[in-house]
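Below is one structure; the comments refer to it alone.
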Amino acid sequence: GNESDDSPSLAITIDTTSPATPGAPDLDPASDTGASNSDNITGDTTPTLTGATEPYAAVKLYVAGTTLVGTATANESGAYSVTSSSPLAGGSYTFSVTATDLAGNASIASPGLPVSIVTTGPASLGAPDLQAASDTGDSATDNITSATTPTFTGSLAAANSTVRLYANGALVGSTTADALGNYTVTASTALTPDGVKSMTVRQLDIAGNESSDSPSLGITIDTLAPAMPSDAPPDLDPASDTGASNSDNITSDTTPTFTG
């Protein structure tokens, strides 16, 4: 019946309180692709969402409140970042999270965040056109120019979409189409060296998906002046050198012709 002294003690914490309901998650700006990183329209099929909850809580990410698509652990400040563990098809989704504390108490699901995932790229555009003001020389329509940063125009882009200009496959300029889909884009990188360039355009949709190349427009960049004519002066054409001599450069022809 003799009883020993107490063993060393073990302190435990009884916690029956669930974490507070988290706020709605936020789509991480790096996952919010396209012209805006805050419109919740994205081409990212494995998006990352962020938020805050109880420190060290286990965070579960749900679609439509029932389908678990990702898990993460909040840090010591309660901040979390959780990514969909498998690709999601294009469509509209509502993301919510729950938080489970270290004692296993789970919170109520957060409010939902609507997100649109767009995976289909926009339609290809028609070939760009060299703007007449950039088509230098005798003809404004021959696509031969001395301008190394030429301007191109086009139409039928999606309203307010981003249009990118490529030369021989390299990105050289970008612009935004107007509300009617018309665009004007100037090469921000000089098109050098001289020679034939294959110019194409692509458009980006609101989610950042890029179309395939448009048909190409071939232009010739020529910045070299012609060689100086020979040292000899021009010669008055004999047919224009009227009078007794057709070689004395004395003429009554008021619109003479010269050769060289």
Side-chain angles (χ1 to χ4, degrees), residues 21-53 57-75 77-100 107-125 154-166 169-183 185 188 200-214:
T21 302
D26 187 40
L27 185 61
D28 189 276
S31 279
D32 198 335
T33 60
S36 169
N37 65 0
S38 59
D39 61 1
N40 297 326
I41 300 173
T42 181
D44 188 350
T45 60
T46 56
T48 296
L49 293 98
T50 61
T53 185
V59 177
K60 294 181 178 180
L61 177 66
Y62 291 90
V63 166
T66 57
T67 303
L68 179 65
V69 295
T71 60
T73 301
N75 65 16
S77 300
Y80 69 83
S81 176
V82 58
T83 300
S84 176
S85 58
S86 58
L88 301 172
S92 297
Y93 296 89
T94 299
F95 291 96
S96 60
V97 294
T98 62
T100 302
S107 73
I108 296 172
S110 72
L113 174 73
V115 173
S116 293
I117 296 178
V118 181
T119 58
T120 302
S124 299
L125 298 173
S155 60
L156 301 181
N160 307 311
S161 64
T162 297
V163 177
R164 290 176 173 173
L165 176 68
Y166 293 83
L171 179 64
V172 294
S174 181
T175 191
T176 301
D178 66 20
L180 298 178
N182 302 309
Y183 67 86
V185 58
S188 56
T200 57
V201 289
R202 302 175 191 170
Q203 67 170 323
L204 277 69
D205 65 19
I206 195 170
N209 300 301
E210 190 172 37
S211 72
S212 56
D213 282 330
S214 70

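Both backbone and side-chain heavy atoms feed into the values below; hydrogens, waters and symmetry mates do not.
For the pair Q203 (side chain) and A158 (backbone), a donor-acceptor distance under 3.5 Å is present. For the pair T53 (side chain) and P22 (backbone), a donor-acceptor distance under 3.5 Å is absent. D26 places no side-chain N or O within 3.5 Å of a backbone atom of G51 that could act as its donor or acceptor partner. Judged by distance alone, the side chain of T176 and the main-chain N or O of S161 form no donor-acceptor pair under 3.5 Å. Listed for the S84 side chain is no donor-acceptor partner under 3.5 Å among the backbone atoms of P47. Within the 3.5 Å criterion, the main-chain N or O of T50 finds no donor-acceptor partner in the side chain of D28. In this structure, T94 contributes its side chain and L113 its backbone to no donor-acceptor pair below 3.5 Å. Listed for the T162 side chain is no donor-acceptor partner under 3.5 Å among the backbone atoms of L204. A donor-acceptor pair is defined here as one N or O able to donate and one able to accept, closer than 3.5 Å; such a pair exists between the side chain of S214 and the backbone of V201. Panel note: side chain N209, backbone P122; no donor-acceptor pair is recorded below 3.5 Å.
Taking CG of L156 as the start and CG of L125 as the end, the distance is 8.0 Å to the nearest 0.5 Å. Taken to the nearest 0.5 Å, the CG atom of L180 stands 10.0 Å off from the OG atom of S155. To the nearest 0.5 Å, atom CG of residue N160 and atom CG of residue D205 are 13.0 Å apart. To the nearest 0.5 Å, atoms OH (Y62) and OG1 (T98) are separated by 4.5 Å.
The heavy-atom pair separating T83 from T46 by the smallest distance is CG2-O, 3.4 Å. The shortest heavy-atom contact between Y80 and P25 is OH-CB, 3.6 Å. Heavy atoms only, all atoms of each residue included: D213 and S124 are closest at O-OG, 3.8 Å. In terms of heavy atoms, S31 sits closest to D44 at OG-OD2, 3.0 Å. Residues L27 and V115 approach most closely at CD2-CG1, 4.2 Å, considering heavy atoms. Here the closest heavy-atom approach between residue A157 and residue A177 is recorded as CB-CB, 4.0 Å.
Other residues, nucleotides and ligands contribute more than 12 heavy atoms inside 6.0 Å of the CG atom of L171.
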Stepwise side chain to side chain donor-acceptor pair (under 3.5 Å) check, T42 with T33: CA-CA 5 Å; T42 181; T33 60; 3.3 Å; yes
Stepwise side-chain contact (heavy atoms from CB on, under 4.5 Å) test for F95 and V63: CA-CA 5 Å; F95 291 96; V63 166; 3.5 Å; yes
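Tested against L61, the residues T71, L68, V69 include a single side chain to side chain contact (heavy atoms under 4.5 Å, CB included) partner, V69.
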